[in-house]
Structures are given as C-alpha cells and as structure tokens.
Undergrad: 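My questions all concern the structure below.
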Amino acid sequence: MNSSNPQYGAASSTAWPGGHNPDLSSPNPQTALLELLFPGFSLLSSGIYKYTKVDLTVYFPLLMALGLVTFASRYISDWVWGFMDSYIMSTADIRIDDEMYNMCISWVANQQFAKRSRRFVANTNLNSRTWFLWREYDNEDDEEEEQVTVDFDEDGNPVSKVSGKEEKKVRFTPSFGTHYFWYRGRLLLFSRTKDVRQGSYGPVSEREEISLSSFGRNPSILKQLLDECRSDFMKQDESRTVIYRGGLKSGTSEPQWTRCVSRVSRPFSTVVLDEKLKQGLLDDMRDYLHPNTRRWYSNRGIPYRRGYLLHGLPGTGKTSLSFAIAGYFKLKIYIVSLNSPSMDENNLGTLFSELPKQCVVLLEDIDTAGLTHTRDDKEETDLTKVPGNSTAAKPSEQEKKPQGRISLSALLNILDGVASQEGRVLIMTTNHIEKLDEALIRPGRVDMMIKFDLATQSMLSTIFCAIFATLEGDIPVKSSQAVIRGPKSTSRRSENQILDERQQEKEAIKAEMEFLDRKKKEDEKVAVLGEEFANIVPNMTFSPAEVQGYLLKHKREPERAVQEAAEWVKTMMTEKKKEIERKAKEEEERLRKEKEKKAKEEEEKNAENKEDEGNDSSEVNGVKDD
Ligand SMILES: Nc1ncnc2c1ncn2[C@@H]1O[C@H](COP(=O)(O)OP(=O)(O)OP(=O)(O)O)[C@@H](O)[C@H]1O
C-alpha cells in the first residue's frame, strides 16, 4: 500500500490539500459518494494526485453534478424514448411466425445500412428461424443462388465446387439493437430485440422480435416500406411455384401455413396427358380465375369455388399436374395432410379460413386420409360410413383403415362452409376413387374429374421424346464460341478490338446455327426411336413414372434405351406378375383367416345358445318338478 495515497493515507504523514485526510478503513463520505457515482474514482484520483498533486475531491460539487447527470441520464433517456415511442413515433411490430418476417428481413439484408453494420447476423438462409420444421426449406429462395455443389474432375471423380457463384451465399442482417437508416428521405429505425417472453427452450434464432419505427404519428411511410418488402419478395417468386404446408406453429398448438419451398414452375406441357383433357382443364380453370367470374358467381348466389379430383394409378402424373397447373396460373399451392396427427377439425378449419383469395389447395391421397364420421372412433356406425360408398364396410377392412381425427362431415363443412375462402381451387388426388364417399365428390365440391391412365402408345413416344429431346444447354458450347452479347462499351475501341468482336459474333452465330442444325437432326432421330420404343412397350401396361424411371437410366443413350426396352419389359412383366401373385396370396390368406374367425365366432355363439337353452330347460323342469 502506498503511504502517499491521498485517499487511504491515514498512517501517512502526507498532508491532504483541503484538509481531507481519508482513512483507509473509512473513506470520507464525499469520496464514497463519488465512488458510487463513478466506480473506480478513488483509485483514479489517488493516481492523479500522486503524479500531478491535483486533488480531484476539491472539485466535489462539480463532480457531484456531473455524476448525478450521468446517473440520471440513463433514466431520462429511457423516459424520453418511452415518451417518444408512445406519442411521437409510429412502430410496426413484425411477428416472427409471419411471412412478413421473411419479406422484411430479406429487404433489410439488401440495404446499405445492413451491409455496413458492424455487428451483424450472418445467415445462409434468411428463413432459418424455421429450419427445424421443414428440412427442405427454401434453399432456392435467392434468385442469384446456384444450387450446384458437386462437379467432376477430368477422370470423372466427384469434387465439391466451392467457388464463385456456386458458393452458398451468405447474407448479413443487423444484429440485436436499434439501427437507423434513411428511406425515401425519412429517418427510420430497424430494431431487433430478444424475445424475453419466450422460454429458454426453442431454437435461439426463434427468440427475437423485429420492428420498424418512424418519427411522427403518421405510419404511412412504414406501410409503404412494408409494401415494398412484400412486392420485392414476391418478385423473386415470379417464375416459381411457392409451396406452403399446413401444420402447427413451432412450440404451440396454433395452426398455420408455413412456406416450405419454392420451385421453378414445371411447364404444363411436360405433363403427358390426353391433350383434350389437358386443354379442358386449362380452359375451365382460366374461366374460373377470370376477374369477372367472381361477380358472375355472386350475382347468382353460387359459392365461388372450384374443385378437381385427379384419380388414377400411382405414378401417372396427378401430383405433377397439380403443381404444373398452379405454376401455369402463378398460384401458390397449399398442401395439407389430413393424416397428420396434429390435424383436427378445428385446426383444418382455421387453416382453410386463412387461405389467400386465390390459391390451389392440394389434398393428396384423400382415400387414405382415414376420415371418420365423428371423432369418437369407437362408434361402430362411424366406421361403417368411412369413405367408401355408403354401403357398410366389412369389419376387417375397418380395422385396417387408419383412424383419422377429422370426420367426413367436418371436412365437408370446412370445404364448403363459411370459413372456406372463396376463390380457391381445390385439388384432391386419389388412387382409389371407388373408396371415396359420394358426398365428397358430388358436383359443387368436385366439379371436374380427370382420370390418369397408364401410358398409351402415344404417351410412350411423347415421354421418350421429352427425355431425349435436345434442349438448350444439353450440347456443351466451346468456350471460344460462348460470346456474351451485351451492350457495347461506349469507350473508344481500337480497330483490332472491333474486328475481334465481329469475329466473335460471327462465331457465336455459327455456333447457334450449328446447334439448331444438330438439334433438328437429333430430334428427328429421337422421334423415330420414340416410335420404335412405343411399339416395343405394350400399351397401357406401365405408368409414366415407370417408363420415365427406365428411360432415365439411359438418359444419354436413346438407341440403347430402345435396344434394351424389350428386356426391360420382360423383367417388369415378371416382377408385376410376381407382385400380383403375392397380393392374391395375401388376399387369399386374409379371406381364409376371416373365414376361420367367423366360423370360430359362430361356434362360440352356438355353444352359448346351447348353454342358454340347457339352462332354460332345466329351469322349466324345475318349475314342473315344483
Ligand atoms: N403423365 C405424366 N407426364 C409426365 N411425367 C409423369 C407423368 N406421370 C408421371 N410422371 C413422372 O413420374 C413421377 C411421379 O409422378 P406423380 O408424382 O405426378 O404421380 P402421381 O400420380 O401423383 O403418383 P402418386 O399417386 O403415387 O402420388 C414424376 O417424376 C413425373 O415427372
């Protein structure tokens, strides 16, 4: 301990200026107060005194005033902020579980203030707050982002590609706190705060809130900004089909639609189906979605809804058509699984009431949805009415059926009740139309049914040609021929440069001509091979998915696909035969067991009857004896 310490020098002979002689064990009250206002003050002042002989405690009143201001400023600033927030600021709070969050955050990520931010959150996926819900989550959301991650070296060995455009893009958004930025000449605030109400469980990225604030009581600037966020976000989806899934909000029992993926829209032409049917569906939907049609419906008091049932064997294109048609009409697609354990009548009702004005709702494999007539599955009467014609189903069949949590009547009410959004397009798919209740597919609920069949001969050649057709990008272009034909630089170019460019342009045109020529020849060849292929594969025997699966094995060798087609058909037929035999055996076994069970039950019943009869006769005899 330094004996010359002005603060703690009780034992020291050093005289304190101003008559202060602080004691180590009991510092004077002034120093104690200053120490409270400025933690570390005594240490600092003793240091200063030692070297400069300036005693800071002399300036006690001044320091006190300064300390009080510092002490109070925190409270004052909080109060001022609270006052401003309540009376002279407008704020938009954005819920993390709403799609507006994605829109807003993706807008923020593109702003200069976010790029300049010194403390930021780095994301490869701006929607990662729900990563745990949907693993397939929007990786493709960024238009600029390429999905290629694997390349092959000269020897054909896979190598990962982690450079340039292919690299997964990292996006930066400002971290927790308040960030200022200018928008249309106004100073706005973007705040990201930790959501303290949320429990400690749940992913970290979930526990946050974001808000946008502006000075002034008129919030129109915030609305403009949010509108811009939304339209920017929508632009990214222009050539995509956005898919939403119905489920529960994370950690709650509240139902909500969650955006799970956006895909490049499948061209409608790539779904192979009878052209008349396809055109009929397109015309029907086009007419339904026409802006004047809603009025037409409402004038006549008819609910403005349209339902389609796509039925047929597995792998015949029902799902593909649903997605393609949604993409064609630029509609979002909302998928809900009635089999999901979280899906009950209330949740489904809420989801349907939250649908946007125009969209496609897809209920896949509706026959397997395990609809019951009431929630209480034990009631026998319920089970006998399970989807299937109104006729009663056999007990053993009932046992096998999955028991859903949604009754058929509730589903019907939801589909055409007041809660169901008008303007939506309902598409139901099934592999077993015969299992569906008539009420579910009556006109008004299902306005058009489309049957999907196994591949006909014309479908076979169409699928063949679709797979082997030469499309842009299929033929590798030599780098010397790949010329970017953008706007010419305005800077002066030398004669040599001009000549060079002309030469490159010529080469590019030549390459394009070569490509078209080659494409024509290839397509002619493929058309002939397609016919050959269709003649080898039997009509209406394989689903388009099976044919596609086979052709993909030879995707670069159409000739080989034709050569080996007969062998493939043979193998497939044998497998199918085996499968049919196996199923027949299973059915036989099931019937036998059922028969045995029935016989046993009958026997037991007879035995019981006999016993009862015996008892009755002994009673009668007893009476007689009496
Ligand atoms: N008619 C078709 N035209 C083009 N491609 C088809 C067609 N049918 C099936 N495919 C192809 O087969 C695959 C499976 O098709 P999809 O899922 O649409 O069949 P699905 O009828 O919905 O089957 P499931 O009943 O099993 O759900 C897809 O890759 C699709 O490209």
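Basis for what follows: all heavy atoms, side chains included, without hydrogens, waters or symmetry-related copies. Keep in mind that this is a model prediction, so the values were computed, not measured. Ligands are counted one by one from 1 in listed order, and the atoms in each one are counted from 1 as well.
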Undergrad: Cation-pi check for Y244 against K332: NZ or CZ below 6.0 Å from the six-membered ring centre and within 45 degrees of the axis, yes or no?
TA: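 That pair does not qualify as a cation-pi contact.
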
Undergrad: With sequence neighbours left out, what residues match D453 under side chain to side chain donor-acceptor pair (under 3.5 Å)?
TA: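 Listed in chain order: K451.
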
Undergrad: With respect to atom 22 (O) of ligand 1, which of T429, T319, T430, L552 exhibits the smallest heavy-atom separation?
TA: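 Nearest option to atom 22 (O) of ligand 1, by heavy atoms: T319.
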
Undergrad: Minimum heavy-atom separation for L289 and Y304, please, with both atom names.
TA: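 So the two residues come closest at CA-OH, 3.9 Å.
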
Undergrad: Is L273 in contact with ligand 1, taking contact as a heavy-atom separation below 4.0 Å?
TA: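 The answer is no, since L273 has no heavy atom less than 4.0 Å from ligand 1.
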
Undergrad: Could you point out which residue of L460, V528, V526, I463 forms a side-chain contact (heavy atoms from CB on, under 4.5 Å) with F533?
TA: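 Among the candidates, only L460 passes.
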
Undergrad: Mind checking whether V271 has an N or O less than 3.5 Å away from an N or O of ligand 1?
TA: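 In this structure, V271 places no N or O atom under 3.5 Å from an N or O of ligand 1.
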
Undergrad: Hey, is E546 touching ligand 1 through its side chain, its backbone, both or neither, going by heavy atoms under 4.0 Å?
TA: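 Looking at E546 and ligand 1, no heavy atom falls under 4.0 Å.
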
Undergrad: Who's the nearest protein heavy-atom neighbour of atom 3 (N) of ligand 1, and how far?
TA: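 Here the nearest protein heavy atom works out to V272 N, 2.7 Å.
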
Undergrad: Does NZ belonging to K576 count more than 12 external heavy atoms closer than 6.0 Å?
TA: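 More than 12 within 6.0 Å, yes.
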
Undergrad: What protein heavy atom sits nearest atom 29 (O) of ligand 1, and how far away is it?
TA: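 Among all protein heavy atoms, the one nearest atom 29 (O) of ligand 1 is Q548 NE2, 3.1 Å.
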
Undergrad: Where the closest heavy atom to atom 23 (O) of ligand 1 is concerned, which of P544, S322, G315, S269 has it?
TA: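 Among P544, S322, G315, S269, the closest heavy atom to atom 23 (O) of ligand 1 comes from G315.
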
Undergrad: Both conditions, 6.0 Å and 45 degrees, for the charged tip of R286 above the ring of F329: are they met here?
TA: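 No, R286 does not sit over the ring of F329.
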
Undergrad: Could you tell me whether some N/O pair between D365 and ligand 1 is separated by less than 3.5 angstrom?
TA: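 D365 vs ligand 1: no N/O contact under 3.5 Å.
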
Undergrad: Hey, can you tell me if W568 and F542 have their rings parallel, tilted or perpendicular (30° and 60° cut-offs)?
TA: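 Aromatic pair W568/F542 classed tilted.
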
Undergrad: Within ligand 1, which atoms have a heavy atom of R266 less than 4.0 Å away?
TA: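 Counting from 1, the qualifying ligand atoms are 4 (C), 5 (N), 30 (C), 31 (O).
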
Undergrad: Going by the order shown, which atoms of ligand 1 are within less than 4.0 Å of some heavy atom of N431?
TA: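 Near N431, the atoms of ligand 1 are 25 (O).
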
Undergrad: Checking side-chain polar atoms at under 3.5 Å, does Q457 have a donor or acceptor matched by the opposite partner on N535?
TA: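 Yes, N535 and Q457 have a side-chain donor paired with an acceptor closer than 3.5 Å.
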
Undergrad: Pick, from S320, P314, A455, A324, the option with the minimum heavy-atom distance to atom 18 (O) of ligand 1.
TA: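 Of the listed residues, S320 has the closest heavy atom.
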
Undergrad: Among all protein heavy atoms, pick out the one at the shortest distance from atom 19 (O) of ligand 1; state its residue, atom name and that distance to 0.1 Å.
TA: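 Nearest protein contact, heavy atoms only, for atom 19 (O) of ligand 1 is G317 N, 3.3 Å.
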
Undergrad: Can you pull the side chain to side chain donor-acceptor pair (under 3.5 Å) pairs that have at least one residue in residues 439-448, sequence neighbours excluded?
TA: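 For residues 439-448, and leaving out neighbouring residues, the side chain to side chain donor-acceptor pair (under 3.5 Å) pairs sorted by first residue read D416-R445.
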
Undergrad: Taking heavy atoms and a distance under 4.0 Å, where does T270 meet ligand 1: side chain, backbone, both or neither?
TA: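 The answer is the backbone of T270.
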
Undergrad: Just to be sure I read this right, does ligand 1 sit under 4.0 Å from the backbone of K318, its side chain, both, or neither, counting only heavy atoms?
TA: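 For K318, the contact with ligand 1 is made by both the backbone and the side chain.
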
Undergrad: Which class fits the ring pair F464 and F468: parallel under 30°, tilted 30 to 60°, perpendicular over 60°?
TA: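 F464 and F468: tilted rings.
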
Undergrad: Among all protein heavy atoms, pick the one closest to atom 14 (C) of ligand 1 and tell me residue, atom and distance.
TA: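 Result for atom 14 (C) of ligand 1: A545 CB, 4.0 Å.
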
